[in-house]
Amino acid sequence: MKKIIVPVVVTAAVTSLLTMWGFSQLSDKKLFLSGNNDIPIHYASNTGMAATQPVDFSPAAESSVKSVVHVKTLTQGKTVLAQDPFGFYGPQQYRMPDQMGAGSGVIISADGYVITNNHVVQGADQVQVTFNDRNTQIAKVVGTDPGTDIAVLKIDGSNLPYMELGNSDNVKLGQWVLAVGYPLNLDATVTAGIVSAKGRAIGLNAARAKSSAVESYIQTDAAVNPGNSGGALVNTQGQLIGINAAIASPTGSYAGYSYAIPSNLAQKVANDIIKFGSVQRGFLGLTLVDLNQMTEKSAEQYGLSSGAFRDAKGVVVQGTMPNSGAAAAGLKRGDIITSINGAAVSSANQLTEQVARFHPGDKISVGYLRSGTPASVSVELRNMSGANSVGKGSTLVYSGATLRSLTDMEASNMGLDGGVMVTDIANGSAARRANIQKGFVIMSVNDEAVNNLTDFQSAVSQANDGVQVGGMYPGRRGMYYYGLNDNNSSSY
């Protein structure tokens, strides 16, 4: 028995030693997947990688909910005259029920200015604001801008918890953001997501405001539902970088994508409304076409060679408008706009958003390509009427009629709350053909009361095929009504 055990023990010992020696030889060599000696095996390891800390949303969330308010609206039902469908009783009066609406808003100043969406307060007879602590106030609508879907409210107070404005130009794809608001009539609600795209246009404002529409949304996947409109899009520092305005959904509820108005644009619009009573928007005076909407064949119509078209990045000038800053600066058909004040633009909606931050009279630097050669030019912006000035006395031209808001004294002398006066009529215009006279005071558009130019712009922007204006002539009795149609094309 001993003769058998000794050889076995010796063999086992030798085998162990050989195994240990072989492992020591292989431990300094790379291991490879069998069957492919070109691909090394890599094992997950933290070695050489910077440690990452989870993002803490709580400070931004806690500060944001104090600055975001619940906006509730009441639109009183109207009495309408309708024909009895059976013809027994003749025309009958019917009272339409009151309508309730809700959204969100963001306090932007310690003395009570609030940004929300135009579509939240549009047509409302009363607007109520409720804070996160349940304090409630009736708010005044200072002004609205259908072109950007921004409205400004005013509430009483001092040292209110306003939200710090961030720089929306610094927003990056993939960064974390919070959506703060009052969805589905719930209390203040915070959701999180990332920025999934920038410079998005979805056509909502174009349907409301036609030629003055500005869309360059920040797209996120933060959950947003009805009631979030007008609420805050916030970065992880608790700064306002956008005003939530829309969702893309086949059902009307959140389905993955939400859209916010960039804070830089919202701030400019709000400041204009507060300072001037209406938005003072500068225009280049260009009609544009995106490169992704063109083919090599259509590009030839603009003088672009195949090579230039394939390599270009920017927006193609389709034409310039008479009496515009772009025409005066020498921009022309076929130029490719590449930047505004150094900020690159690759689509018409991005260019529009950049230009919409400036006023008539401001000068901006426009970078462009002409025949493949880069150049830049300084352009003085003008308004839609070709003027290069701003102020409370600003005018608007609609269907050839030059309009301005009544002064407080004029309105008081006429016994009106406000109105829009016709100060001039262009020869051959739609207003001239309608037989409108100078001095006519517009009090309504399509039966919607208007007290100033902002109200007028809001009302006409919602009309699909022309408008009916109603009003009076000082010193005359009775109401007068005229049909108008404005066919101005889109411009930037």
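Side chains included, hydrogens not; waters and symmetry mates left out as well; all remaining heavy atoms used.
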**Fill in**
Sorted by chain and number, sequence neighbours left out, side chain to side chain donor-acceptor pair (under 3.5 Å) with Thr189 holds for none

**Asked** When the aromatic ring centroids of Phe440 and Tyr482 are compared, is their separation below 6.0 Å?
**Response** yes

Looking only at non-hydrogen atoms, find the nearest pair between [X] and [Y] and report the distance.
{"X": "Tyr254", "Y": "Asp221", "answer": "OH-O, 2.5 Å"}
{"X": "Ala245", "Y": "Asn117", "answer": "CA-OD1, 3.5 Å"}
{"X": "Ser109", "Y": "Tyr162", "answer": "N-CB, 3.4 Å"}
{"X": "Leu153", "Y": "Ala139", "answer": "CB-CB, 4.2 Å"}
{"X": "Ser168", "Y": "Pro262", "answer": "OG-CB, 3.5 Å"}
{"X": "Ala326", "Y": "Val379", "answer": "N-CG1, 3.8 Å"}

Check whether any side-chain N or O of [X] sits under 3.5 Å from a backbone N or O of [Y] as a donor-acceptor pair, and report yes or no.
{"X": "Arg370", "Y": "Asp335", "result": "no"}
{"X": "Asn228", "Y": "Asn225", "result": "yes"}
{"X": "Ser258", "Y": "Ala223", "result": "no"}
{"X": "Ser399", "Y": "Ala401", "result": "no"}
{"X": "Tyr217", "Y": "Asn244", "result": "no"}
{"X": "Asn341", "Y": "Ser365", "result": "yes"}
{"X": "Asp125", "Y": "Thr75", "result": "no"}
{"X": "Gln99", "Y": "Leu74", "result": "no"}

Would you say [X] and [Y] make side-chain contact, with heavy atoms under 4.5 Å?
{"X": "Ile107", "Y": "Met163", "value": "no"}
{"X": "Ile436", "Y": "Tyr480", "value": "no"}
{"X": "Val422", "Y": "Leu403", "value": "yes"}
{"X": "Asn235", "Y": "Gln175", "value": "yes"}
{"X": "Arg281", "Y": "Asp145", "value": "yes"}
{"X": "Ile150", "Y": "Asn118", "value": "no"}
{"X": "Lys363", "Y": "Ser378", "value": "yes"}

**All pairs passing salt bridge (charged side-chain N to carboxylate O under 4.0 Å, His left out) where residues 337-359 contributes a residue, at least two apart** = Asp169-Arg357, Glu353-Arg357

**Request:** Sorted by first residue and then second, give each salt bridge (charged side-chain N to carboxylate O under 4.0 Å, His left out) pair with at least one member in residues 184-198; sequence neighbours left out.
**Result:** Arg134-Asp187

**Asked** Is NZ or CZ of Arg382 both nearer than 6.0 Å to the six-membered ring centre of Phe283 and within 45° of the ring axis?
**Response** no

**Asked** Hey, what's the ring geometry for His359 with Phe276, parallel, tilted or perpendicular (30° and 60° as the breaks)?
**Response** perpendicular

**Item:** side-chain contact (heavy atoms from CB on, under 4.5 Å) between Val469 and Tyr481, worked out
**Value:** CA-CA 6 Å; Val469 296; Tyr481 294 89; over 6 Å; no

**Prompt:** Between Lys154 and Asp111, does at least one N-O distance fall below 4.0 Å, as a salt bridge requires?
**Reply:** no

**Message:** Can you tell me if Asn167 has over 12 outside heavy atoms packed within less than 6.0 Å of its CG?
**Reply:** yes

**Request:** Could you please spell out the steps behind the side-chain contact (heavy atoms from CB on, under 4.5 Å) verdict for Gln468 and Val445?
**Result:** CA-CA 6 Å; Gln468 182 190 65; Val445 173; over 6 Å; no

**Complete:** Exactly one of Ile337, Ile336, Leu304, Val316 clears side-chain contact (heavy atoms from CB on, under 4.5 Å) with Leu369, and that residue is Ile336

**Asked** Which is it for Ser229 and His119 under the side chain to side chain donor-acceptor pair (under 3.5 Å) test, yes or no, and what are the steps along the way?
**Response** CA-CA 8 Å; Ser229 289; His119 75 261; 3.1 Å; yes

